[in-house]
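Every value quoted in this text rests on a predicted model; they were computed, and no experiment measured them. Chain identifiers are assigned alphabetically (A, B, ...) following the order of the sequence lines, protein sequences preceding nucleic acid strands; residue numbering begins at 1 within each chain.
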There are 2 protein chains.
Amino acid sequence: MYLSRPAEYALRASTYLARLEPGKRVTSSQLAQAVDVPPAFLSKIMRRLTANGIVDSKKGHHGGFVLARPPVEIRFLDILRAVEFGPIKDHCLFGLGNCNADNPCPLHVEWEILKQQIEQWARTHTLGESLNAAQAFKQKQA
Amino acid sequence: MYLSRPAEYALRASTYLARLEPGKRVTSSQLAQAVDVPPAFLSKIMRRLTANGIVDSKKGHHGGFVLARPPVEIRFLDILRAVEFGPIKDHCLFGLGNCNADNPCPLHVEWEILKQQIEQWARTHTLGESLNAAQAFKQKQA
DNA sequence: AACTCAATGGATTGTCAAGTCCATTGAAAT
DNA sequence: ATTTCAATGGACTTGACAATCCATTGAGTT
């Protein structure tokens with residue numbers, strides 16, 4: 001495992017939204033069903049996406065969630081950051097507070113390389129890329 | 001977070017072993033102290049490293065652990081695999097059982113890219129690289 | 001042979017992230 | 001105005017992973 005549940009769920013949900021007709025709103029529980037995550041928990045995650053301007057929410061009748069911007073403008077990084085991705089960036093494998101390029105722990109350099117790659121990945125991929133996959137959701141194992 | 005505690009601890013401990021004079025044995029509790037992980041828990045992790053031939057253990061007087069091979073021959077991948085790294089490799093973000101290149105989930109391709117990069121990283125780096133870092137262990141935040 | 005030291009294995013407990021519940025707020029429909 | 005629908009926020013519970021405990025095994029020492 002290397003993505004928290006909230007992170008994984010947030011990616012699922014926003015990918016689902018990206019694949020809807022633009023502008024179409026979907027309620028949290030519809031989303032939860034489609035994307036197969038516990039409703040109450042997803043609701044919580046959606047709040048974070050809303051607070052971070054990734055999604056727009058509307059209450060009441062015909063309320064629900066839409067992406068706040070076109071999919072190609074939403075980077076994975078934006079989504080991951082919205083649900084706490086931070087700790088990764090500055091986490092020393094050895095738990096040293098003072099671990100940096102000048103004063104590196106034994107694995108600092110190698111670890112840095114991986115962290116950079118991951119962040120690079122998250123920065124360069126967007127929801128736009130998810131749009132034309134054949135298989136969508138809910139086709140669980142036979 | 002994206003490394004389990006056991007994974008992080010295993011890396012710490014084996015890096016520590018790599019930095020000792022070759023052949024020097026260290027007990028689990030010395031290790032635990034040096035590397036700052038709970039003794040009983042580290043002990044458990046060391047068993048896995050032993051079982052996977054990464055480390056050699058000896059009981060009783062002057063017993064303890066040594067690396068089973070020279071540091072340059074121990075890849076991060078070996079260590080991570082020893083403490084359960086597997087689930088990552090074949091984990092679909094959407095929880096679909098039947099997600100693959102032919103029948104991809106909406107994020108399959110992008111996710112695959114990242115997974116590959118991570119595995120590539122783990123395969124190409126070894127404990128040998130940790131040998132000449134300046135700062136070693138235990139210099140915790142001031 | 002008796003003693004000590006240290007790894008092993010498994011059962012047990014603790015903790016925090018994951019997940020649930022419920023009362024409140026706000027927006028639209030009648 | 002009232003009702004209904006859906007998001008919001010926070011308090012609460014649960015479960016999985018992290019960590020502890022203890023009895024056993026095996027290897028040196030004397």
- Message: Using a 3.5 Å distance criterion without hydrogens, assess whether the side chain of B/E8 forms a donor-acceptor pair with backbone atoms of B/R5.
- Response: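 It does not hold such a pair.
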- Query: A/R25 side chain to A/G63 main-chain N or O, any donor-acceptor pair under 3.5 Å?
  - Reply: no
Whole angstroms only, please: what is the [atom1]-[atom2] distance between [X] and [N]?
X     : N      : atom1 : atom2 : value
A/R48 : D/dA7  : CZ    : P     : 18 Å
A/L31 : D/dC5  : CG    : C1'   : 16 Å
B/I45 : C/dG9  : CD1   : P     : 15 Å
B/F65 : D/dG26 : CZ    : C1'   : 13 Å
A/L17 : D/dA7  : CG    : P     : 11 Å
A/R12 : C/dA18 : CZ    : P     : 13 Å
A/D56 : D/dT8  : CG    : C1'   : 14 Å
B/E8  : D/dA18 : CD    : C1'   : 13 Å

- What residues, two or more places apart in sequence or in another chain, satisfy salt bridge (Lys or Arg N to Asp or Glu O under 4.0 Å) together with A/R75?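 A/R75 satisfies salt bridge (Lys or Arg N to Asp or Glu O under 4.0 Å) with A/D78 only.
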- Query: Taking only N and O in the side chain of A/Y9, is any of them less than 4.0 Å away from OP1 or OP2 of C/dG19?
  - Reply: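 Checking C/dG19 against A/Y9, a side-chain N or O does come within under 4.0 Å of OP1 or OP2.
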- Message: Would A/H108 and A/F94 count as a side chain to side chain contact (heavy atoms under 4.5 Å, CB included) here? Give the steps.
- Response: CA-CA 9 Å; A/H108 180 77; A/F94 290 94; over 6 Å; no
- Task: Output the single nucleotide from C/dA7, D/dG10, D/dA7 whose closest atom is nearest the side chain of A/S57.
- Result: D/dA7
- Message: Can you identify which nucleotide, out of D/dT20, C/dT20, C/dT8, has its nearest atom closest to the B/A40 side chain?
- Response: D/dT20
Got a list of protein N/O to nucleotides 26-30 of chain C N/O distances below 3.5 Å?
unit_1, atom_1, unit_2, atom_2, d
C/dG26, O4', A/K59, NZ, 3.1
C/dG26, N2, A/G60, N, 2.8

- Query: In terms of the nearest nucleotide of DNA chain C, which residue is placed more toward the 5' end: A/L42 or B/S43?
  - Reply: B/S43
- Answer yes or no: is there a side-chain heavy-atom contact under 4.5 Å between A/F76 and A/L11?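 A/F76 reaches A/L11 side chain to side chain.
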- Query: Should A/L3 and B/W111 count as side-chain neighbours, where that means a heavy-atom distance under 4.5 Å?
  - Reply: yes
- Decide, yes or no, whether a salt bridge links A/K24 with A/E21 under the criterion of side-chain N to carboxylate O below 4.0 Å. no
- Any ion pair linking A/R123 and A/E119 (charged N to carboxylate O, less than 4.0 Å)? yes
Which atom pairs link the protein and nucleotides 11-17 of chain C when you take only N or O atoms and keep those under 3.5 Å?
unit_1, atom_1, unit_2, atom_2, d
C/dA11, N6, B/K44, NZ, 3.4

- Query: Under 4.0 angstrom, heavy atoms only, what part of the nucleic acid is A/T50 near: base, sugar-phosphate, or nothing?
  - Reply: sugar-phosphate
- Query: Quick one: CZ on A/R12 to CD1 on A/I45, what's the gap to the nearest 0.5 Å?
  - Reply: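 Between atom CZ of A/R12 and atom CD1 of A/I45 there are 9.5 Å.
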